Amino acid sequence: MSLRAQLERRAAVFAAIRRFFADRGVLEVTTELIHPYAPSDPFGRCLRAIDEQGAVQGWLLPSPELAMKPLLAAGAGDIFQICKAFRAGESGPRHRPEFTLVEWYRNHWDYVALASETVELINVLLPGLAETRYRYVELWGELLQMEPFALDVAALAHRFAEAGKPPLPGGLSAREMRDLAFAELIEPRLPAGVVTVFDFPAEQTAMAGRRDDDPRWALRFEVFVNGVEIANGYAEQNDSKLQRRAWREDNQERRVLGLPERVPDEMLLAAMDAPGLPHCAGVALGFDRLLMVRDGRNSLDDG
């Protein structure tokens, strides 16, 4: 396929996404790529924006979330954007340090409704795929015969050996073992088509709301297409006190990991207080991965 044809196909997908949201009254916005604060994620590696004199100008965001939420608090309503995002140390068949995201927010929606809309968009771009739904804990029970918050390390090591995976590294925290087990032992065994997984451990994201009946679980979902993670969304945390506490907990973990602490995003916290972040849900969809799956490629670098 010629370069021109590839660019036309890519542009056609952008146009289809914009039609999808225009038909639903979701407004396209643009926010800054360089932000004064970084997300609190203990394992996230953010890129700094530095000028020619070596002075730090801010952070290149791994998602426009921190910049879009003040718009929501100010009354922007339902919004989306297509933008570049950046993550340090991201390299591999499905990872790049610079990539394209489609991110959107729905006011007064719960995360289940937003997951359904995410699948609707995927079906527009990749028609004919059946959807299967699971809860995170169900996959652990079905595929690993294990409860994620009661880790049997010996049994987990045995599962890795059975799957032909390298041995579990020493010194991993329980959180790291859960993350690694899901990525290495569960994701490769997901069925073909669209798979939506609900209710991930709250430890994995400081920005998500938590279940009232068990705050260990976040009101979060991920969508996979043919085994490739395409989208990650959740009901947004809109209580500034709980958000500040989550930032503090992440910084505690960063200290344990020997990483520098991150300053809480005071701009976001102020917006959450006045006028206040509405009850809403948001999702980020990986545009590059979507095209990779659509084209039947195994790597972002193919084709």
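All values derive from a computational prediction rather than experimental measurement.
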Identify the heavy atoms of [X] and [Y] that sit nearest to each other, and give their distance.
X	Y	answer
Leu114	Ala281	CD2-C, 3.5 Å
Asp199	Tyr136	O-CB, 3.2 Å
Pro191	Tyr134	CG-OH, 3.7 Å
Ala181	Leu144	CB-CD1, 4.4 Å
Ser240	Leu269	O-CD2, 3.8 Å
Thr196	Val119	OG1-CG2, 3.7 Å

Checklist entry - With the 4.5 Å side-chain cut-off for hydrophobic clustering, are Val225 and Val283 part of the same group? => result yes
Checklist entry - Do you reckon Met272 sits in the same ILVMFWY cluster as Leu66, going by side-chain contacts under 4.5 Å, direct or chained? => result yes
Side chains of [X] and [Y]: closer than 4.5 Å at any heavy-atom pair?
X	Y	answer
Trp247	Leu242	no
Leu285	Asn232	no
Pro62	Pro39	yes
Arg9	Arg294	yes
Met68	Tyr105	yes
Val194	Ile122	yes
Phe21	Val102	yes
Asp78	Trp104	no

Does a donor on one side chain and an acceptor on the other come within less than 3.5 Å for [X] and [Y]?
X	Y	value
Thr30	Gln81	no
His279	Arg106	no
Ser173	Glu176	yes

Extract all donor-acceptor atom pairs below 3.5 Å that involve side chains of residues 10-20 and protein atoms in other chains or at least two apart in sequence.
from  : atom 1 : to    : atom 2 : distance (Å)
Arg18 : NE     : Glu28 : OE1    : 3.0
Arg18 : NE     : Glu28 : OE2    : 3.2
Arg18 : NH2    : Glu28 : OE2    : 2.9

Is [X] atom [atom1] crowded by more than 12 heavy atoms from other residues, nucleotides or ligands, each under 6.0 Å away?
X	atom1	answer
Arg245	CZ	no
Asp51	CG	yes
Asn298	CG	no

Checklist entry - After noting the C-alpha distance and the side-chain angles of Lys69 and Met267, does the key distance pass the side chain to side chain contact (heavy atoms under 4.5 Å, CB included) rule? => result CA-CA 10 Å; Lys69 283 183 173 177; Met267 295 166 57; over 6 Å; no
Item to check | Of all pairs that satisfy salt bridge (Lys or Arg N to Asp or Glu O under 4.0 Å), the ones with a partner from residues 217-234, not counting sequence neighbours | outcome: Arg220-Glu222
Checklist outcome for this item: residues 261-286 vs salt bridge (Lys or Arg N to Asp or Glu O under 4.0 Å), sequence neighbours excluded, gives Arg244-Glu266, Arg255-Glu261
Item to check | Worked verdict on Asp288 versus Leu290 for side chain to side chain contact (heavy atoms under 4.5 Å, CB included) | outcome: CA-CA 5 Å; Asp288 308 292; Leu290 183 77; over 6 Å; no
Item to check | Counterpart residues, side chain to side chain contact (heavy atoms under 4.5 Å, CB included), relative to Trp59 (two or more places apart) | outcome: Ala38, Cys46, Arg48
Next on the checklist: I'd like to check the side chain to side chain contact (heavy atoms under 4.5 Å, CB included) partners of Ala270; sequence neighbours left out, ordered by chain and number.
Outcome noted: none
Item to check | Verdict with reasoning, Ser116 to Arg133, per side-chain hydrogen bond (donor to acceptor under 3.5 Å, both in side chains) | outcome: CA-CA 10 Å; Ser116 296; Arg133 294 189 168 198; 2.8 Å; yes
Checklist entry - Per the ring-ring contact (aromatic ring centres under 6.0 Å, His included) rule, which among Phe200, Phe198, Tyr111, Phe149 passes with Trp217? => result Phe149
Next on the checklist: For Lys165 and Glu184: C-alpha separation, side-chain torsions, deciding distance, then whether salt bridge (Lys or Arg N to Asp or Glu O under 4.0 Å) applies.
Outcome noted: CA-CA 8 Å; Lys165 303 289 184 180; Glu184 296 292 334; 3.2 Å; yes
Checklist entry - Among Arg178, Arg216, Arg175, which residue meets the salt bridge (charged side-chain N to carboxylate O under 4.0 Å, His left out) test with Glu203? => result Arg178
Checklist entry - Looking at Glu98, Glu103, Glu32, which hits salt bridge (charged side-chain N to carboxylate O under 4.0 Å, His left out) with Lys84? => result Glu98
Item to check | Phe287 ring center within less than 6.0 Å of Phe99 ring center | outcome: no
Item to check | Check against side chain to side chain contact (heavy atoms under 4.5 Å, CB included), Phe86 and Leu47 | outcome: CA-CA 7 Å; Phe86 307 86; Leu47 290 168; 3.8 Å; yes
Checklist entry - Hey, is Asp213 close enough to Arg211 for a salt bridge, meaning N to O under 4.0 Å? => result yes
Checklist entry - Mind checking what makes side-chain hydrogen bond (donor to acceptor under 3.5 Å, both in side chains) contact with Asp23, not counting sequence neighbours? => result none
Item to check | Residues Leu143, Leu185; criterion side chain to side chain contact (heavy atoms under 4.5 Å, CB included); working and verdict | outcome: CA-CA 8 Å; Leu143 299 181; Leu185 302 179; over 6 Å; no
Next on the checklist: Test salt bridge (Lys or Arg N to Asp or Glu O under 4.0 Å) on Arg297 and Asp295; report intermediate values, then the result.
Outcome noted: CA-CA 6 Å; Arg297 295 181 279 124; Asp295 296 341; 3.7 Å; yes
